[in-house]
Amino acid sequence: MPLAGERDTLVLGGRLAKLVRPRDVIGLRGALGAGKTTLARGFIQALSPTTHDVPSPTFTLVQTYDDAKIPVFHVDLYRLTSSADLDELGLEDARAQGVVVIEWPERLGPGQFSDRLDIVIETIGVERRAVLTPSASWAERLRGFA
Ligand SMILES: Nc1ncnc2c1ncn2[C@@H]1O[C@H](COP(=O)(O)OP(=O)(O)OP(=O)(O)O)[C@@H](O)[C@H]1O
Ligand SMILES: [Mg+2]
């Protein structure tokens, strides 16, 4: 679906927040600066109306929002350097507690969270669009979504 501007990216995040369930994992893919954090921001702000600031977790790797309707763990694996660091993040535990949103899910271990919803933000010139690739558990929920 087209993302004409930042606002559209935030709105898409907010719409996904309405469908999300505990233990869901969402992967956000796309080039540097595509709008992954922006989408996560719309998602988190919809689940946690008191949260205004959603910084990029580039350096912290995980940012937790536990005052949200469902706790959200916002993850950015761009700077991940080893699989030991990945283990240390404790993403399986995070998932047991809420929802995990992961920028750069390509850096997950093989087969890890394979039942997730992946969203790719494509940039074609100045135009952007989101392509949703749902796992089986998401396909039903996303019927008619676009
Ligand atoms: N649909 C859109 N159209 C135009 N600009 C957008 C759109 N969505 C987000 N942006 C802008 O793109 C810029 C980069 O966004 P953002 O930080 O969310 O990207 P990112 O994919 O998380 O980057 P990184 O790879 O560094 O994590 C921001 O200035 C944001 O406002
Ligand atoms: Mg980002």
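Below, all heavy atoms of this structure are taken into account, side chains as well, without hydrogens, waters or symmetry copies. Every number for a ligand or one of its atoms is a count from 1 in the order of the listing. One-based numbering along the sequence shown.
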- Protein-side N, O or S atoms sitting under 2.8 Å from the Mg ion (ligand 2) are Thr37 OG1, Glu103 OE1

- Task: Could you tell me whether Arg41 and Asp53 have a side-chain N and a carboxylate O separated by less than 4.0 Å?
- Result: no

- Electrostatic pair Arg95:Asp93 at N-O distance under 4.0 angstrom: no

How far is [atom] from its nearest protein heavy atom, and which residue and atom name does that atom have?
{"atom": "atom 20 (P) of ligand 1", "result": "Lys36 N, 3.4 Å"}
{"atom": "atom 18 (O) of ligand 1", "result": "Thr38 OG1, 2.6 Å"}
{"atom": "atom 23 (O) of ligand 1", "result": "Gly33 N, 3.0 Å"}
{"atom": "atom 11 (C) of ligand 1", "result": "Arg128 NH1, 4.1 Å"}
{"atom": "atom 19 (O) of ligand 1", "result": "Gly35 N, 3.0 Å"}
{"atom": "atom 27 (O) of ligand 1", "result": "Glu103 OE1, 3.2 Å"}

- Would you tell me which option among Val54, Leu10, Thr9 has the nearest heavy-atom contact to atom 8 (N) of ligand 1? Thr9

Give me each pair satisfying ring-ring contact (aromatic ring centres under 6.0 Å, His included) with a member in [range], each pair once, sequence neighbours excluded.
{"range": "residues 17-73", "result": "none"}
{"range": "residues 109-146", "result": "none"}
{"range": "residues 3-32", "result": "none"}

- Task: Please check if the side chain of Arg29 supplies one atom and the backbone of Ile119 the other of a donor-acceptor pair under 3.5 Å.
- Result: no

- Query: Given the protein's heavy atoms, is any one of them under 4.0 Å from atom 29 (O) of ligand 1?
  - Reply: no

